[in-house]
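The figures here come from the full heavy-atom set of this structure, side chains too, leaving out hydrogens, waters and symmetry mates. In listed order, ligands and their atoms are each counted from 1.
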Amino acid sequence: MKDGAPTYTNLDATGLKVGVITARWNYQLTHSLRDGAIGRLMELGVAEQDIVSIDIGGSYELPFAARHLIDTTEVDVVIPIGVLVKGSTMHFEYIAEAVSQGIMRVSLDTGVPVLFGVLTCLTEEQAKERAIGPGNHGPSWADTAVELGLMRKNA
Ligand code: RBF
């Protein structure tokens, strides 16, 4: 566990329904993050049939897809997953800003927690370190999702 990362205890996610949305851009990284998140969700007791996992095009589409999942399924919490790598144009800045604002808006508008499972990296190397192997952020997103999902479900 890295310094500064929160630790959680007594997370029992039995019965929790979780949406996972994965962007296909940088798919080797996003799918590694997704697998890390889903593996941890199941360790915490989420049943396979209670995980709704869909793929979408790129990170920009994550807020819409999160809203769609919330409106059409019974998910208690959503983990949107994307990897943005800074390029030589302004796309990175526009997409990162829109996605972070959009995700927060969906979460507060619907009352369903939606995490920020988006890596915004300056280089591919940074992205790999955070998506593959021991630095994979997916499992810690799963911990956060379960904590918030239970908060809402048990309210
Ligand atoms: N989507 C990502 O998830 N990660 C990226 O690094 C990324 N870079 C992009 C760079 C350019 C120049 C463009 C045009 C799109 C990029 N996208 C990226 C896709 C974006 O999130 C979205 O799917 C498309 O713009 C279609 O709405």
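Checking side-chain atoms of Thr22 against main-chain N and O of Arg34 turns up no donor-acceptor pair under 3.5 Å. Using modelled atom types, no side-chain atom of Asp50 and backbone atom of Val46 make a donor-acceptor pair closer than 3.5 Å. In this structure, the side chain of Ser32 does not engage the main chain of Gln28 through any donor-acceptor pair within 3.5 Å.
The single protein non-hydrogen atom nearest to atom 22 (C) of ligand 1 is Glu61 OE1, 3.3 Å, given as residue, atom name and distance. Of the protein's non-hydrogen atoms, the one nearest atom 6 (O) of ligand 1 is Val85 N, 3.3 Å. The protein atom (non-hydrogen) at minimum distance from atom 3 (O) of ligand 1 is Ser59 OG, 2.7 Å. If you check which protein heavy atom lies closest to atom 4 (N) of ligand 1, you get Val83 O, 2.8 Å.
Between atom 14 (C) of ligand 1 and the options His91, Arg24, Met90, Glu124, the minimum heavy-atom separation is to His91. The closest heavy-atom contact to atom 10 (C) of ligand 1, among the options Trp25, Phe92, Tyr60, comes from Trp25.
Close approach of ligand 1 to Ile95 is summarised as follows: ligand atoms under 4.0 Å from at least one heavy atom of the residue are 16 (C), 17 (N), 20 (C), 21 (O).
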From CA spacing to verdict: side chain to side chain contact (heavy atoms under 4.5 Å, CB included), Ile81, Trp141: CA-CA 10 Å; Ile81 296 175; Trp141 293 339; 4.2 Å; yes
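A salt bridge links Arg152 with Asp76; the closest basic N to acidic carboxylate O contact falls under 4.0 Å.
Counting only heavy atoms from C-beta outward, the side chains of Val106 and Ile70 approach each other to under 4.5 Å.
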